[in-house]
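Whatever order the structure lists ligands and atoms in, that order sets their numbers, starting from 1. Since we're looking at a predicted model, the values are computed, not measured.
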Amino acid sequence: MKPLNAHELRRLARRRLPRLAFDYLEGGAEDETTLRANRQAFERVTLCPRALNDVSTRRQEVQVLGETWMSPMGIAPVGLAGLFWPQGDIAAARAAAAAGVPYVLSTASSSTLEAVARAGGNPWFQLYVIERGMADALVDRAHAAGYRHLVLTTDVPVSGRRERDLRNGFSLPMRWRAATVWDVASHPRWLAQVGRHGAPQLANLASTAAGDAQAQAALLQRRMDASFCWEDLRRLRRRWPHALWVKGILHADDARRACQEGVDGVIVSNHGGRQLDGAMASLDALAAVVDAAGGRPVLLDGGVRRGIDVVKALALGARGVLMGRLPMYGLAAAGEAGVAAALGLVREDIDRVLALLGCPGVSHLGPQWLAAGLRPVPSCTASPG
Ligand SMILES: Cc1cc2nc3c(=O)[nH]c(=O)nc-3n(C[C@H](O)[C@H](O)[C@H](O)COP(=O)(O)O)c2cc1C
């Protein structure tokens with residue numbers, strides 16, 4: 001059965017994965033308020049289509065830092081993708097390369113960054129700083145392996161409290177409980193794959209001298225170097241010679257400061273609602289960050305589930321979006337083919353939405369397509385009436 005949308009892909013993923021793996025993918029922090037807010041923000045934005053424009057051809061390629069993406073979307077970094085499918089990072093990277101869109105590999109990947117680079121495409125590398133020496137070593141390895149984009153995640157000074165994971169005992173080493181054993185045993189297809197390929201590891205650390213169990217546990221629990229600050233960003237800028245992005249920015253002043261420190265682009269994100277519960281929706285932060293970034297590309301993630309969401313983000317000034325859960329639903333449902341299906345759904349959506357909107361290409365998107373932009377702007381010279 002070909003899934004019609006993200007809901008159906010999600011259902012397939014939920015059926016195949018044990019609960020502990022599905023909850024890890026799906027969950028947000030604490031009461032999951034920010035997780036929901038990301039979707040609600042998209043639902044609040046409405047568009048105003050234009051009539052009788054020639055939309056017989058519609059273009060969705062975008063230029064980002066001199067590179068062409070075939071669609072204005074990419075795959076966000078997702079740790080432990082091997083939990084969803086054996087060698088899940090490689091499968092997802094291949095699907096993204098085939099679709100002509102970027103794939104951002106997590107520090108917490110289950111294949112090494114070298115193996116993912118060898119699999120082809122033009123993957124990006126996301127950096128978590130657990131310890132500065134370890135981070136420097138990862139940056140140098142990414143450079144040596146041919147990565148050309150580095151994404152520094154800034155919103156994890158400590159790990160958010162994901163209560164689903166705490167309830168399921170999801171940790172390294174796993175805390176097995178009777179319910180977890182039963183959960184895993186009742187998903188034989190998933191269990192057979194794990195049996196054949198081995199339990200997923202945090203491979204980037206396992207292959208370094210620092211790759212001890214403690215470092216792996218710190219990464220899984222996102223126990224980071226909470227003292228990492230602007231001076232360290234400056235140092236990172238000096239160390240990394242290619243494109244540098246900061247991810248996890250919501251405040252315009254932080255975007256401005258990051259640009260002053262020499263980053264090439266900004267990713268507006270609240271980590272898919274997995275960190276600060278109560279943080280604003282990423283879409284609500286977008287316009288001000290775009291303004292502050294002064295022409296540098298701004299990407300958005302958090303809550304993107306359909307092409308219409310991509311179009312709304314672009315109308316609000318994003319150059320493109322990243323997606324975390326949606327391609328991972330595809331990965332969990334059917335491996336590389338499932339990720340390709342997820343990307344294909346969004347691509348088809350964007351094409352249809354452009355036609356229905358009367359917009360010949362994504363480069364034409366801007367605030368003029370937003371219904372909110374049609375509201376008369378109150379004049380400050382008008383006399384009170
Ligand atoms: C299971 C899971 C693991 C994640 N792991 C990472 C990670 O290792 N590094 C990172 O910067 N962001 C990570 N994120 C956050 C995503 O990169 C992205 O910000 C978020 O998923 C976007 O929201 P969406 O899932 O609604 O698309 C993870 C998200 C999920 C769902």
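- Close contacts of ligand 1 with L25, meaning ligand atoms under 4.0 Å from a residue heavy atom, involve 1 (C), 31 (C).
- A salt bridge does not link D254 with R257: none of the charged nitrogens is closer than 4.0 Å to a carboxylate oxygen.
- The residues D136 and R235 are annotated as salt-bridged, a charged nitrogen and a carboxylate oxygen being separated by less than 4.0 angstrom.
- The proximity of Q126 to ligand 1, defined as any non-hydrogen pair under 4.0 Å, is limited to the side chain.
- In summary, E32 and R164 engage in a salt bridge, as defined by a charged side-chain N under 4.0 Å from a carboxylate O.
- The residues R161 and E30 are annotated as not salt-bridged, no charged nitrogen and carboxylate oxygen being separated by less than 4.0 angstrom.
- Contacts between R305 and ligand 1 below 4.0 angstrom, taking non-hydrogen atoms only, involve the side chain exclusively.
- At the top of the distance list for atom 19 (O) of ligand 1, counting protein heavy atoms only, stands D301 OD2, 2.8 Å.
- Compare G273, S106, G27, S282 by their heavy atoms: the one nearest to atom 8 (O) of ligand 1 is in S106.
- Salt-bridge annotation for D264 and R296: absent, with no side-chain N of the basic residue lying under 4.0 Å from a carboxylate O of the acidic one.
- In this structure, D155 does not pair ionically with K247, as no charged nitrogen and carboxylate oxygen lie closer than 4.0 Å.
- Contact check on D309 versus R306 returns no salt bridge, with no Lys/Arg side-chain nitrogen under 4.0 Å from an Asp/Glu carboxylate oxygen.
- Between atom 16 (C) of ligand 1 and the options G79, P77, P327, S269, the minimum heavy-atom separation is to P77.
- Under 4.0 Å from ligand 1, the heavy atoms of T153 that appear belong solely to its side chain.
- At the top of the distance list for atom 12 (N) of ligand 1, counting protein heavy atoms only, stands K247 NZ, 3.0 Å.
- For atom 1 (C) of ligand 1, the closest non-hydrogen atom of the protein is R274 NH2, 3.3 Å.
- Here the protein heavy atom with the shortest distance to atom 7 (C) of ligand 1 is Y128 OH, 3.1 Å.
- Within ligand 1, the atoms closer than 4.0 Å to a non-hydrogen atom of G324 are 21 (O), 24 (P), 25 (O), 27 (O), numbered from 1 in the order shown.
- Below 4.0 Å from some heavy atom of G302 lie the following atoms of ligand 1, by number and element: 22 (C), 23 (O), 26 (O).
- D23 has no carboxylate O lying under 4.0 Å from a charged side-chain N of R167, or vice versa, which leaves the two without a salt bridge.
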